[in-house]
Peer 1: 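Sharing a structure below in C-alpha cells format, with a few things to ask.
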Amino acid sequence: MSKVRVRFAPSPTGGLHLGGVRTVLYNYLFAKQHKGEFILRIEDTDQNRYVPGAEQYIIDCLEWCGLIPDEAPHLGGPYDPYRQSERKGLYKQYAEKLVAAGYAYYAFDTPEEIEAMRVRLKSEGKSNLQYDHHVRMQMRNSLTLEEDETKALIESGTPYVIRIKVLQDQVVSFTDMIRGEMHFDTNNVDDKVLLKADGMPTYHLAVVVDDYLMKITHAFRGEEWLPSAAVHILLWNYLGWINEMPQWAHLPLILKPDGNGKLSKRDGDRLGFPVFAMNWEDPNTHELIHGFRELGFLPEAFINLLAMLGWTDGTEQEIFTLDELIEKFSIDRVHKGGAKFNYEKAKWFNHEWIKKMSIDRLKPDIKGIFENAGIEITDQLQFEKIISLVKDRCTLLTDFIEQAGFFYKPPSSYDIAALKGKWDDTKASFFNSFLVDINKTTWESVAIEEAFRNRAAEMNIKPGELQLPFRIMLVGGKFGPPVFEIASVLGREETISRIGKAIISFTL
RNA sequence: GCCGCGUUGGUCAAGGGGUUAAGACGCCUCCCUUUCACGGAGGAGUCACGGGUUCGAAUCCCGUACGUGGUACCA
C-alpha cells in the first residue's frame with residue numbers, strides 16, 4: 001500500500017472549533033500510526049468569506065496542540081501550493097475535461113432565474129427544488145442551447161458556471177471506515193456547481209482535484225459532508241481517478257450540551273465554556289470568543305478529552321498521552337453517533353493532567369499566568385515547592401492564582417465568618433506566645449508544628465482548635481495546603497508579620 | 001417537504017444473541033483531614049417505542065418516534 005497521506009482542510013473563516021481540532025487529531029493520529037504524512041491545506045475558495053488572520057490562527061492552534069503538519073502553506077512541501085486560492089488556475093482544466101466528456105456543462109442561469117425556477121417548482125407542489133436532472137433541460141445551459149450559442153455566450157463574456165451532470169438511475173456506493181457500506185441514489189443528487197463564475201472551484205471540485213493531486217489516501221471529515229459524498233465519488237469516477245480515490249471516514253458531530261444541534265461558538269458564551277482552541281477576536285466586530293488555552297487548559301488535556309469524544313480503546317483507560325493515542329487509535333472504534341459536549345468532564349481531564357504533570361512542565365505556564373496577574377516569581381525553589389503543594393487542588397491552570405496567590409500577597413481580608421466561635425482572648429494570647437516561640441525554631445514545617453503543639457499543650461488548648469485561626473491568618477480563608485507547610489514556605493519573617501496583623505484584625 | 005445518518009443512566013461510554021448491563025464525569029453518603037482538595041468505601045440513576053425472528057433480544061430484521069446533518073456560484 002502506498003504511503004498514508006491525510007489532510008485537514010479548513011476554510012479560514014475565523015476561529016477553530018473544538019470539532020475541527022478533533023478532526024485534525026484523528027487525522028494526525030491515523031497518519032502517525034501508519035508512519036504517514038499529515039497535510040494542512042487551506043480551502044479559501046470563497047473570497048467573500050475571507051477573514052484576515054484566520055489562517056495564522058489555525059496554524060497557531062495546531063502548534064499549541066502539538067499536531068504539527070508535515071506539509072502546509074507556511075511550511076511548503078512537494079505539492080505546493082497548499083492554499084487553494086493560489087491553485088486557482090489548476091481547477092478549470094478538470095472542469096473543462098468533464099464538459100468535454102459529457103459529465104458536466106456550462107450554465108448561464110442568473111441567480112434570479114434559479115430563484116424563479118424554485119418558485120415555479122414550489123408552486124407546482126414539488127418538494128425537490130434542486131437544480132438537477134428534472135429541471136436542467138428547462139434551464140439556460142449548454143445542454144439546452146445550440147453549440148454556437150453557447151460558444152458565443154462564453155466569448156462575449158457572459159458569466160457562467162460549470163455544473164456536474166449527474167447521470168440518472170445509478171447507485172453510488174462506497175465504504176465508509178466508520179459507517180460501513182453507503183449507498184446513494186443518483187436521482188436524489190443535484191447538479192452541483194463545480195466551477196463558479198469567478199473562476200474559483202467550489203469545495204466539491206477542489207477537494208477531489210486536490211486530494212488526487214496531493215495523493216491523499218484517507219479522507220476524514222465531519223459527518224456534515226456525508227450527503228455530498230455522492231457528488232465527490234461521482235467526480236472521482238468521471239475524472240477517471242476512481243482507483244486512486246481515498247478511503248473515506250465521516251466523523252460524528254460534537255453536539256451542544258443542552259438542547260439540540262451542532263455545538264457552535266455561540267453556545268460557549270451562552271453556557272459559559274470555551275468552544276475554540278484559543279482566544280479568537282473577530283477582526284471586524286472585535287468580538288472575543290474564549291479559548292481553552294486562555295481559560296487554563298493544558299494542550300495535553302485538551303487533546304485527550306477531544307480524543308475521548310467519540311472514541312475509546314475499549315478498555316477503562318481514559319487518560320492518554322499523544323504517543324499512546326498514536327499507538328492505540330483505531331478508526332473503526334470511532335462512534336457513529338454524535339456526542340454532546342460535557343464541560344464538567346472536560347475540566348476533569350485537565351485536573352487529571354495537572355495532577356499528573358511534572359513541576360517542570362507546569363512551571364512556565366503558571367509563571368506566565370502569575371505574571372499576568374501581577375505576581376513576580378523571584379525564588380525558583382520556593383515557586384516549585386508552591387506548585388507541588390497546590391497542584392492537586394487546581395482544575396484549571398488559572399486556579400493557581402486563587403490557590404497559591406496568598407504565598408505572594410498577604411490576605412487582604414479574612415474569612416471572619418469561619419472564625420466564629422473559634423476566636424477569643426486565650427487564643428489571642430496563644431498566638432502572642434507562639435509569635436515569640438517561632439523566633440527560635442528551625443524553619444521547617446515539622447519544627448513549626450512542634451512549637452505550635454507544645455505551646456498549645458502548655459496553655460491547655462486543643463491544637464485543632466487553633467489550626468483554623470492560624471490558617472486564616474496566613475491564607476485569609478478556609479483553603480490551601482497544610483498550614484505548617486504554608487508557614488514554612490512563607491518564611492519566618494512573613495509568617496510573623498501575618499500573625500501579628502491578624503491578631504489585631506481578629507480582635508477588633 | 002425531500003434525502004442521508006444516528007439512538008445503552010443527566011453526560012461520555014463498554015458490551016454486537018444467554019452478563020447481577022462494565023467503567024468514567026456529575027450528584028449523594030461515609031472514611032481520611034479540625035481548611036480546601038487528593039485519596040478510599042458505598043449509593044441513586046440506563047438498553048427510545050411497537051412488532052417480528054429465536055428456547056432466549058440491549059444485541060438480528062421491519063416499522064414508528066425522536067434527534068441530527070444536508071438540501072447555496074459556503075465550506
Side-chain angles (χ1 to χ4, degrees), chain A residues 9-13 43-46 48-49 84 107 109-111 114 122 125-132 159-163 176 178-179 182-185 187-190 192-204 206-207 221-230 250 252-253 255 257-262 305 308-319 333 335-349 351-352 355 390-395 399 402-403 415 418 422 462-468 470-472 475 477-483 486:
Chain A
S11 62
T13 51
E43 309 240 349
D44 56 350
T45 53
D46 186 357
N48 301 322
R49 295 213 300 165
Q84 287 180 333
D109 317 276
T110 63
I114 292 175
K122 207 163 183 176
K126 300 267 183 10
S127 59
N128 182 356
L129 308 179
Q130 300 184 127
Y131 195 127
D132 62 11
Y160 68 92
V161 300
I162 294 181
R163 286 181 181 270
D176 186 281
I178 295 172
R179 288 153 213 280
M182 304 292 306
H183 307 281
F184 294 93
D185 181 344
N187 292 335
N188 297 320
V189 179
D190 62 331
K192 285 255 179 311
V193 170
L194 265 20
L195 200 75
K196 304 188 241 186
D198 66 1
M200 278 286 197
T202 58
Y203 172 83
H204 308 293
V207 246
R221 64 202 333 185
E223 189 189 328
E224 67 267 29
W225 290 109
L226 206 43
S228 54
H250 291 90
L253 267 12
L255 276 11
D258 56 349
N260 320 304
K262 273 201 289 191
L305 74 91
M308 303 309 285
L309 221 47
W311 176 84
T312 37
D313 73 341
T315 72
E316 286 178 15
Q317 185 175 353
E318 288 192 279
I319 304 298
R333 287 198 64 90
H335 260 245
K336 293 185 181 75
K340 287 188 184 170
F341 180 68
N342 182 337
Y343 189 49
E344 291 307 317
K345 183 85 187 230
K347 285 194 291 191
W348 175 81
F349 274 105
H351 193 14
E352 291 301 306
K355 283 190 286 180
V390 303
K391 72 201 277 265
D392 282 4
R393 47 206 101 205
C394 293
T395 297
D399 291 343
E402 239 190 274
Q403 289 295 327
D415 185 350
K422 305 211 178 219
K462 278 193 266 179
E465 294 284 307
L466 296 156
Q467 270 190 39
L468 188 68
F470 190 26
R471 167 176 301 280
I472 291 174
V475 176
K478 283 180 16 161
F479 61 95
V483 239
I486 295 174

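A quick note: this is a predicted structure, and the numbers were derived from the prediction, not measured. Chain naming here is simple, since letters A, B, ... match the order of the sequence lines and numbering starts at 1 in each.
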Peer 1: Could you check whether A:Val193 gets within reach of a base, just the sugar-phosphate, or nothing at all, counting any heavy atom under 4.0 Å?
Peer 2: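 The residue A:Val193 makes sugar-phosphate contact but no base contact.
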
Peer 1: Could you list the protein-to-nucleotides 57-67 of chain B atom pairs, N/O on both sides, closer than 3.5 Å?
Peer 2:
{"unit_1": "B:G67", "atom_1": "O3'", "unit_2": "A:Asn260", "atom_2": "OD1", "d": "3.4"}

Peer 1: Sequence neighbours excluded, which residues qualify as side chain to side chain contact (heavy atoms under 4.5 Å, CB included) partners of A:Lys122?
Peer 2: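 Here the qualifying residues are A:Leu129.
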
Peer 1: Could you work out, with side chain to side chain contact (heavy atoms under 4.5 Å, CB included) as the rule, every residue matching A:Gln467, not counting sequence neighbours?
Peer 2: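 By the side chain to side chain contact (heavy atoms under 4.5 Å, CB included) rule, A:Gln467 matches A:Phe452, A:Arg453, A:Val483, A:Phe484.
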
Peer 1: A:Thr315: which residues meet the side-chain hydrogen bond (donor to acceptor under 3.5 Å, both in side chains) condition with it, sequence neighbours left out?
Peer 2: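 A:Thr315 satisfies side-chain hydrogen bond (donor to acceptor under 3.5 Å, both in side chains) with A:Asp313 only.
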
Peer 1: Pairs in or reaching into residues 335-346 of chain A: which pass side-chain hydrogen bond (donor to acceptor under 3.5 Å, both in side chains), with residues at least two apart or in two chains?
Peer 2: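 Passing the test, one end in residues 335-346 of chain A: A:Glu318-A:Lys345.
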
Peer 1: Using the side-chain hydrogen bond (donor to acceptor under 3.5 Å, both in side chains) criterion, which residues pair with A:Lys126? Sequence neighbours excluded.
Peer 2: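 A:Glu124.
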
Peer 1: Any heavy-atom pair between the side chains of A:Glu402 and A:Phe479 that's under 4.5 Å?
Peer 2: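 Answer no - side chains too far apart.
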
Peer 1: Taking all non-hydrogen atoms of both residues, which atom of A:Val193 and which atom of A:His204 are closest, and how far apart?
Peer 2: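 Minimum heavy-atom separation between A:Val193 and A:His204: O-CD2, 4.3 Å.
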
Peer 1: Given atom CZ of A:Phe349 and atom P of B:U11, what is their separation to the nearest angstrom?
Peer 2: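 These atoms are roughly 17 Å apart.
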
Peer 1: Work out how far the C1' atom of B:C61 is from that of B:A75, and round it to whole angstrom.
Peer 2: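 B:C61 and B:A75 have their C1' atoms separated by 38 Å.
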
Peer 1: For B:G40 and B:C32, measure between their C1' atoms and round to the nearest Å.
Peer 2: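 Looking at atom C1' only, B:G40 and B:C32 are 8 Å apart.
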
Peer 1: At under 4.0 Å, does any side-chain N or O of A:His204 touch on OP1 or OP2 of B:A75?
Peer 2: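 So the side chain of A:His204 is outside the cut-off, no N or O lying under 4.0 Å from OP1 or OP2 of B:A75.
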
Peer 1: Using a heavy-atom cut-off of 4.0 Å across all strands, would you classify A:Ala197 as base, sugar-phosphate, or nothing?
Peer 2: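 Answer is base: heavy atoms of A:Ala197 come under 4.0 Å of a base.
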
Peer 1: Check the distance between B:U8's C1' and A:Lys340's NZ and give it to me in whole angstrom.
Peer 2: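 Checked: the NZ to C1' distance equals 14 Å.
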
Peer 1: Looking for any heavy atom pair under 4.0 Å, which part of the strands does A:Ser11 touch: base, sugar-phosphate only, or nothing?
Peer 2: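 Result for A:Ser11 = sugar-phosphate.
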
Peer 1: Rounded to whole Å, please give me the gap between CG in A:Asp185 and C1' in B:C3.
Peer 2: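 Going from A:Asp185 (CG) to B:C3 (C1'), I get 10 Å.
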
Peer 1: Using the P atom in both, what is the distance from B:U53 to B:U71, to the nearest Å?
Peer 2: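 Roughly 42 Å separates the two P atoms.
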
Peer 1: On a whole-Å scale, what distance lies between the C1' atoms belonging to B:G39 and B:U33?
Peer 2: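 Going atom to atom, C1' in each nucleotide, I get 11 Å.
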
Peer 1: Mind checking A:Asp109 for me? I need base, sugar-phosphate or nothing, with any heavy atom below 4.0 Å counting as a touch.
Peer 2: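 The answer is base, as A:Asp109 lies within the cut-off (heavy atoms under 4.0 Å) of a base atom.
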
Peer 1: If you pin A:Gly337 and A:Arg49 to their nearest nucleotides in RNA chain B, which one's is more 5'?
Peer 2: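 It is A:Gly337, whose closest nucleotide lies nearer the 5' terminus.
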
Peer 1: Using a cut-off of 4.0 Å between protein heavy atoms and nucleotide atoms, how would you tag nucleotides 23-44 of chain B 5' to 3' with B, S and -?
Peer 2: SBS--------BBBBSS-----

Peer 1: Using atom P of each nucleotide, how far apart are B:U59 and B:G50 to the nearest Å?
Peer 2: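 Their P atoms lie roughly 12 Å apart.
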
Peer 1: Dot-bracket notation for RNA chain B is requested: 5' to 3', Watson-Crick or G-U wobble pairs only, both distances under 3.5 Å, with ( ), [ ], | and . as defined.
Peer 2: ((((((((.[[[..)..(....]]].(((((.......)))))....[[[[[..)....]]]]])))))))....

Peer 1: A:Arg179 has an atom CZ; how far is it from atom C1' of B:G16, in whole Å?
Peer 2: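 It works out to 18 Å between those atoms.
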
Peer 1: What's the gap between B:A21 and B:U46 when it is taken at their C1' atoms, as a whole Å value?
Peer 2: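 It works out to 9 Å between them.
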
Peer 1: Judged by each residue's nearest nucleotide on RNA chain B, which is more toward the 5′ side, A:Phe184 or A:Pro257?
Peer 2: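 In this pair, the answer is A:Phe184.
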
Peer 1: Round to the nearest Å and state the distance from A:Arg221 atom CZ to B:C74 atom P.
Peer 2: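 It works out to 17 Å between those atoms.
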
Peer 1: So with a 6.0 Å cut-off around CD of A:Glu352, is the heavy-atom count from everything else above 12?
Peer 2: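 Yes.
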
Peer 1: With respect to the phosphate group of B:A75, does any side-chain polar atom (N or O) of A:Thr202 fall under 4.0 Å of OP1 or OP2?
Peer 2: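 For B:A75, OP1/OP2 do not have a side-chain N/O of A:Thr202 under 4.0 Å.
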
Peer 1: Could you work out, with ring pair (Phe, Tyr, Trp, His ring centres under 6.0 Å) as the rule, every residue matching A:Phe341, not counting sequence neighbours?
Peer 2: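 Result, ring pair (Phe, Tyr, Trp, His ring centres under 6.0 Å) vs A:Phe341: A:Phe273.
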
Peer 1: Charged N to carboxylate O under 4.0 angstrom, A:Glu223 versus A:Arg179?
Peer 2: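 Between A:Arg179 and A:Glu223 there is a salt bridge, with a charged N closer than 4.0 Å to a carboxylate O.
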
Peer 1: Less than 4.0 angstrom between a side-chain N/O of A:Lys262 and OP1 or OP2 of B:A75, yes or no?
Peer 2: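 No, A:Lys262 has no side-chain N/O under 4.0 Å of OP1/OP2 on B:A75.
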
Peer 1: With a non-hydrogen cut-off below 4.0 angstrom, is A:Met200 in contact with a base, only sugar-phosphate, or nothing?
Peer 2: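 Nothing, no heavy atom under 4.0 Å.
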
Peer 1: Is A:Arg49 reaching over with its side chain to a backbone N or O of A:Asp44, donor-acceptor style, under 3.5 angstrom?
Peer 2: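 Pair absent, no side-chain N/O of A:Arg49 close to backbone of A:Asp44.
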
Peer 1: To the nearest Å, give me how far apart OH (A:Tyr203) and P (B:G70) are.
Peer 2: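 Those two atoms, OH and P, are 13 Å apart.
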
Peer 1: B:C2 and B:G23: how far apart are their C1' atoms, nearest whole angstrom?
Peer 2: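 One C1' to the other, the span is 42 Å.
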
Peer 1: Where does B:C49 fall, syn or anti, if syn means a chi angle no more than 90° from 0?
Peer 2: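 Anti conformation here, the glycosidic angle of B:C49 being more than 90° from 0.
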
Peer 1: With sequence neighbours left out, what residues match A:Asp392 under side chain to side chain contact (heavy atoms under 4.5 Å, CB included)?
Peer 2: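 Partners of A:Asp392 under the side chain to side chain contact (heavy atoms under 4.5 Å, CB included) test: A:Lys355.
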
Peer 1: Heavy atoms only, 4.0 Å cut-off, all strands: where does A:Arg333 land among base, sugar-phosphate and nothing?
Peer 2: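 The answer is sugar-phosphate, as A:Arg333 gets under 4.0 Å only of primed atoms, P, OP1 or OP2.
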
Peer 1: What is the nucleic acid contact for A:His250, judged by heavy atoms within less than 4.0 Å: base, sugar-phosphate only, or nothing?
Peer 2: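 Here A:His250 touches no strand at all.
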
Peer 1: Considering only B:C5, B:A75, B:A13, which nucleotide approaches the side chain of A:Trp225 most closely?
Peer 2: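 Side chain of A:Trp225 sits closest to B:A75.
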
Peer 1: Mind checking the P distance from B:A14 to B:C60? Whole angstroms is fine.
Peer 2: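 Taking atom P in both B:A14 and B:C60, they lie 14 Å apart.
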
Peer 1: Measuring only between side-chain heavy atoms, which start at C-beta, is A:Phe349 closer than 4.5 Å to A:Ile319?
Peer 2: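 They are in contact (side-chain heavy atoms under 4.5 Å apart), so the answer is yes.
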
Peer 1: With A:Arg221, which residues qualify under side-chain hydrogen bond (donor to acceptor under 3.5 Å, both in side chains), at least two apart?
Peer 2: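 side-chain hydrogen bond (donor to acceptor under 3.5 Å, both in side chains) list for A:Arg221, sorted by chain: A:Tyr203, A:His232, A:His250.
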
Peer 1: Touch check for A:Thr315, heavy atoms < 4.0 angstrom, all strands: base, sugar-phosphate only, or nothing?
Peer 2: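 A:Thr315: no heavy atom of the nucleic acid under 4.0 Å.
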
Peer 1: How close or far is atom C1' of B:C73 from atom CG of A:Asp46, stated in whole angstroms?
Peer 2: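 Spelled out: CG on A:Asp46 to C1' on B:C73 is 9 Å.
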
Peer 1: Taking side-chain hydrogen bond (donor to acceptor under 3.5 Å, both in side chains) as the definition, give me every residue that meets it alongside A:Trp225, ordered by chain and number, with sequence neighbours left out.
Peer 2: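 side-chain hydrogen bond (donor to acceptor under 3.5 Å, both in side chains) check on A:Trp225 returns nothing, list empty.
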
Peer 1: Atom CE of A:Met182 to atom P of B:G70: distance rounded to whole Å?
Peer 2: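 In whole Å, B:G70 P lies 15 Å from A:Met182 CE.
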
Peer 1: According to a strict under-4.0 Å criterion, is A:Thr312 in side-chain N/O contact with OP1 or OP2 of B:A13?
Peer 2: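 False: A:Thr312 side-chain N/O out of range (4.0 Å or more) of B:A13 OP1/OP2.
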
